[in-house]
Amino acid sequence: GQDGVFKLQFGYSELPHRLYDTGVTPFEGVGGSRLTLPFGPAATTGAMPLATTQQAADAGFDRKRIEAAATLQAVPEWSWRVNVRRDKRDGLQRMGASFFSTSSQLLVPIDQATDEIEASGAYQSGTLRAGLGWQLSRFRNRAGSVTWDNPFTPVVAGATQGQLALAPSNDFHQVWAVAGWDPLPELQLSGEVAAGTMTQDAPFVDPTLNGTLGVTAAELPQASLQGKVNTFNGSLRATATPMAGLRLNASVAHDARDNRTPSNAYPALATDMFVGATERTNLPYDFKQDRLKVSADWRGPAKLNLAGGVNWDRRERSYQEVVDTNETTLWARGSRPLGADTALELKWAHGERHHSTYGTVIQISPPENPLLRKYNLADRTRDSVGARLDLKPTEIASVTLNADWAYDDYDRSPIGLTDSRTMDLGLDVGVAVSDDLQLRAYTQLERIRSRQAGSAFFAGPDWRADSRDDTNLLGLGLRQNLLNGKLTLDGDLTFARSTSRVAVAPGSATDPFPTASTTQDSLRLQAAWQVQTRVTLTGSWWYERYVSRDWHLDGVGPGTVSNLLALGDQPARYHVNVVRLAMRYSF
């Protein structure tokens with residue numbers, strides 16, 4: 001390009017994403033839309049000839065991205081830009097499929113492309129800034145559905161094959177505008193608005209492949225969802241500095257989702273086995289959200305810094321247990337030096353969320369327990385405090401201590417999440433041995449505790465579950481400059497441990513849930529050598545060891561569970577070495 005006239009950009013990248021490589025499957029045709037079995041149905045997985053029919057079933061996909069952009073500066077005040085990008089994903093993903101009380105884990109194809117186009121113009125002159133743009137996003141899935149053979153003996157006649165729809169193709173259009181104005185040196189105003197439309201009109205798959213049920217596509221109320229959702233996002237912000245050291249901020253925002261999808265009654269088919277007596281209706285969920293934020297930041301004498309504000313959030317929903325919720329949060333933060341080599345920062349926040357009458361959604365059948373309170377809708381009190389202490393015990397050393405604590409209380413939820421606590425502790429130590437050698441050590445601890453109440457008999461709470469998640473991190477690092485700064489060496493060593501425990505009370509006759517855990521050790525060495533003013537060579541070696549234990553997967557093979565044909569994927573356990581070489585040239 002040429003500065004102030006035009007600029008062209010091109011990019012291409014590939015990213016492999018590997019999920020599991022230890023699974024096996026007896027299904028043939030993996031990668032296509034039709035999965036068949038080399039044997040007939042069996043009553044249990046133990047009766048299937050799995051030993052002679054298994055084949056590798058690796059899950060993962062490759063993403064390829066190609067993009068281009070052009071910018072034109074027609075006149076000094078105006079610039080125009082066009083971006084074009086395509087993301088392509090190909091591979092296999094896991095999916096569960098069932099026939100009433102029997103289930104199978106399948107590998108289904110990923111053949112997806114997302115095309116995005118954005119055109120925009122920007123204007124800037126003096127105290128005024130503005131922009132206008134249009135965006136189009138098109139998602140296309142060439143793998144619209146997957147059909148599989150039932151590996152288990154059908155409970156009812158004709159239930160020998162099942163079919164599942166995959167992600168449907170859809171479009172999104174949006175126009176947007178932004179503007180900023182500085183009427184006074186002490187006052188800045190800005191705003192943005194965007195209006196969009198999402199559509200999804202992929203044809204429905206057949207309601208069932210079981211011909212004995214007598215339900216065909218002709219009996220559906222329409223051939224596709226005819227989905228349409230209008231979106232709106234708008235915000236205004238103002239920043240003022242009425243006096244030296246004082247800054248005031250205010251913002252207001254409104255987001256809306258207007259669902260225009262037709263609501264229709266559809267036959268309720270239970271996994272290709274029978275037709276329910278009551279039809280099911282799709283619910284076009286809407287929501288509106290209004291947010292208001294006001295804050296002040298004051299820099300006082302002796303480097304004293306105080307800040308505080310209030311945030312207000314109101315949400316209105318349709319076809320949910322709560323019509324609207326209102327949440328108000330007060331917060332404050334302060335910092336100041338305690339001496340020549342010490343600084344302290346404290347922060348506090350208190351929030352309360354209240355909802356309108358908590359009811360039941362009559363369109364959902366069977367109904368939920370009326371004592372259940374969903375955590376995102378329920379009344380909640382949230383408190384948090386935090387502290388940070390910066391020390392400089394010597395001229396070459398620095399120490400940072402941080403601690404944060406948060407508590408969520410759902411004291412009006414008979415059933416559901418009742419409370420949650422989070423605690424974080426951190427320590428960071430840095431030592432500048434010389435101008436060319438710096439050392440660093442750090443550790444971080446995180447503790448999360450949550451409790452929930454449940455009901456096994458559609459009545460009051462009769463059991464509780466306590467969850468404990470712990471994460472510990474320890475790291476060491478160094479940086480060494482050599483050859484008068486032309487060669488830089490970096491090294492990082494980290495150790496991370498995490499555990500997750502769930503206890504249920506009152507306990508049952510079975511064993512408690514085992515502990516899930518992960519271990520990750522990583523060593524990274526990197527070097528950068530400036531050969532010439534414009535040329536730099538870089539290289540790195542990265543080693544990582546990862547071990548996880550997950551009772552959901554540990555020891556669960558294809559035939560371990562009698563009514564589940566599993567892929568047999570095991571928790572990730574690996575060693576990996578990555579060597580990287582690169583040359584950078586600056587034009």
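Just the heavy atoms: all of them, side chains too, but no hydrogens, waters or symmetry mates, feed the values below.
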(message) Using a strict threshold of under 4.0 Å (side-chain N to carboxylate O), is an ion pair present between Asp466 and Arg449?
(response) no
(message) Just to verify, what does Arg291 make a side chain to side chain donor-acceptor pair (under 3.5 Å) with, not counting sequence neighbours?
(response) Asp255
(request) Scan residues 350-365 for pairs that pass salt bridge (Lys or Arg N to Asp or Glu O under 4.0 Å), counting only residues two or more places apart or in two chains. (result) none
(request) Report yes or no: does Asn369 contribute a side-chain atom to a donor-acceptor pair with the main-chain N or O of Ala459 at less than 3.5 Å? (result) yes
(request) Would you check if Tyr319 and Thr281 make a side-chain contact, meaning some heavy-atom pair closer than 4.5 Å? (result) no
(request) Kindly compute the distance separating CD (Gln112) from CG (Leu166), expressed to the nearest 0.5 Å. (result) 8.5 Å
(request) Could I get the full list of side chain to side chain donor-acceptor pair (under 3.5 Å) partners for Arg421, not counting sequence neighbours? (result) Asp419
(message) I'd like to check the side-chain contact (heavy atoms from CB on, under 4.5 Å) partners of Arg382; sequence neighbours left out, ordered by chain and number.
(response) Arg380, Asp408
(request) Looking only at non-hydrogen atoms, find the nearest pair between Phe61 and Arg18 and report the distance. (result) O-NH1, 3.2 Å
(request) List for me each residue that meets salt bridge (charged side-chain N to carboxylate O under 4.0 Å, His left out) alongside Arg464, sequence neighbours excluded, and say none if there are none. (result) none
(request) Give a yes or no on whether the backbone of Phe100 and the side-chain of Thr271 come within a donor-acceptor separation of less than 3.5 Å. (result) yes
(message) So does Leu377 get a backbone contact from the side chain of Thr325, meaning a donor-acceptor N/O pair under 3.5 Å?
(response) no
(message) Taking Asp404 first and then Lys347, would you say they form a salt bridge - that is, a charged N and a carboxylate O separated by under 4.0 Å?
(response) yes
(message) Just checking Arg237: does its CZ atom have more than 12 heavy atoms from other residues, nucleotides or ligands closer to it than 6.0 angstrom?
(response) yes
(message) Within the 4.5 Å heavy-atom criterion, are Ile110 and Gln93 side-chain neighbours or not?
(response) yes
(request) Kindly say whether Glu116 contributes a backbone atom to a donor-acceptor pair with the side chain of Ser137 at under 3.5 angstrom? (result) no
(request) Not counting sequence neighbours, list each pair that qualifies as a ring pair (Phe, Tyr, Trp, His ring centres under 6.0 Å) and has a residue in residues 348-373. (result) His355-Tyr358
(message) Does this structure show an ion pair linking Lys288 with Asp290, if we count only N-O contacts that are shorter than 4.0 Å?
(response) no
(message) I'd like to check the ring-ring contact (aromatic ring centres under 6.0 Å, His included) partners of Phe27; sequence neighbours left out, ordered by chain and number.
(response) none
(request) Using a 4.5 Å cut-off on heavy atoms from C-beta on, say whether the side chain of Leu565 contacts that of Leu50. (result) yes
(message) Is the shortest side-chain heavy-atom distance between Arg373 and Glu321 below 4.5 Å?
(response) no
(request) Among Thr22, Leu107, Leu106, find the residue that satisfies the side-chain contact (heavy atoms from CB on, under 4.5 Å) test when tested with Leu567. (result) Leu107
(request) Sequence neighbours left out, what passes side-chain contact (heavy atoms from CB on, under 4.5 Å) with Asp286? Give chain and number order. (result) Asp258, Asn259, Ser318
(request) Side-chain contact test, heavy atoms from C-beta onward, threshold under 4.5 Å: evaluate it for Ser450 versus Gln452 and give yes or no. (result) no
(request) Mind checking the CD-CG spacing from Glu446 to Leu473? Nearest 0.5 Å is all I need. (result) 10.5 Å
(request) Find the distance between CE (Met198) and CZ (Phe139) and round it off to the nearest 0.5 Å. (result) 14.0 Å
(request) Quickly, which of Leu389, Thr342, Val429 forms a side-chain contact (heavy atoms from CB on, under 4.5 Å) with Val399? Name it, please. (result) Val429
(request) Specify the closest pair of heavy atoms between Phe152 and Ser103, including all atoms of both residues, with the distance to one decimal. (result) CE1-O, 3.5 Å
(request) Please determine if Arg497 and Asp470 form a salt bridge, counting it only when a charged side-chain N lies under 4.0 Å from a carboxylate O. (result) no
(message) Going by salt bridge (Lys or Arg N to Asp or Glu O under 4.0 Å), name the pairs with one or both residues in residues 101-112, residues two or more places apart or in two chains.
(response) Lys88-Asp111, Asp111-Arg142
(request) Spell out, as yes or no, whether a donor-acceptor pair under 3.5 Å connects the side chain of Asn170 to the backbone of Pro168. (result) yes
(message) Under a 3.5 Å distance rule, please check whether Thr45 uses its side chain to pair with a backbone N or O of Gly559 as donor and acceptor.
(response) yes
(request) Please collect all side chain to side chain donor-acceptor pair (under 3.5 Å) contacts where either partner lies in residues 564-574, sequence neighbours excluded, each pair once. (result) Arg94-Asp569, Glu544-Tyr574, Asp554-Arg573
(request) Ignoring hydrogens and angles, state whether a donor on the side chain of Ser500 or Asp469 is under 3.5 Å from an acceptor on the partner side chain. (result) yes
(message) My understanding is that only residues two or more places apart in sequence, or in another chain, count here; which of them pass ring-ring contact (aromatic ring centres under 6.0 Å, His included) with Tyr285?
(response) none
(request) For Ser562, enumerate each residue passing the side-chain contact (heavy atoms from CB on, under 4.5 Å) test, keeping only those at least two apart in sequence or located in another chain. (result) Thr44
(request) Going by the side-chain contact (heavy atoms from CB on, under 4.5 Å) test, name the single residue among Leu427, Asp428, Asp390, Leu344 that passes it with Leu401. (result) Leu427
(request) Taking Thr231 for its side chain and Arg257 for its backbone only, find out whether a donor-acceptor pair lies under 3.5 Å. (result) no
(message) Has Ser169 got a side-chain atom pairing as donor or acceptor with Ala202's backbone, closer than 3.5 angstrom?
(response) no
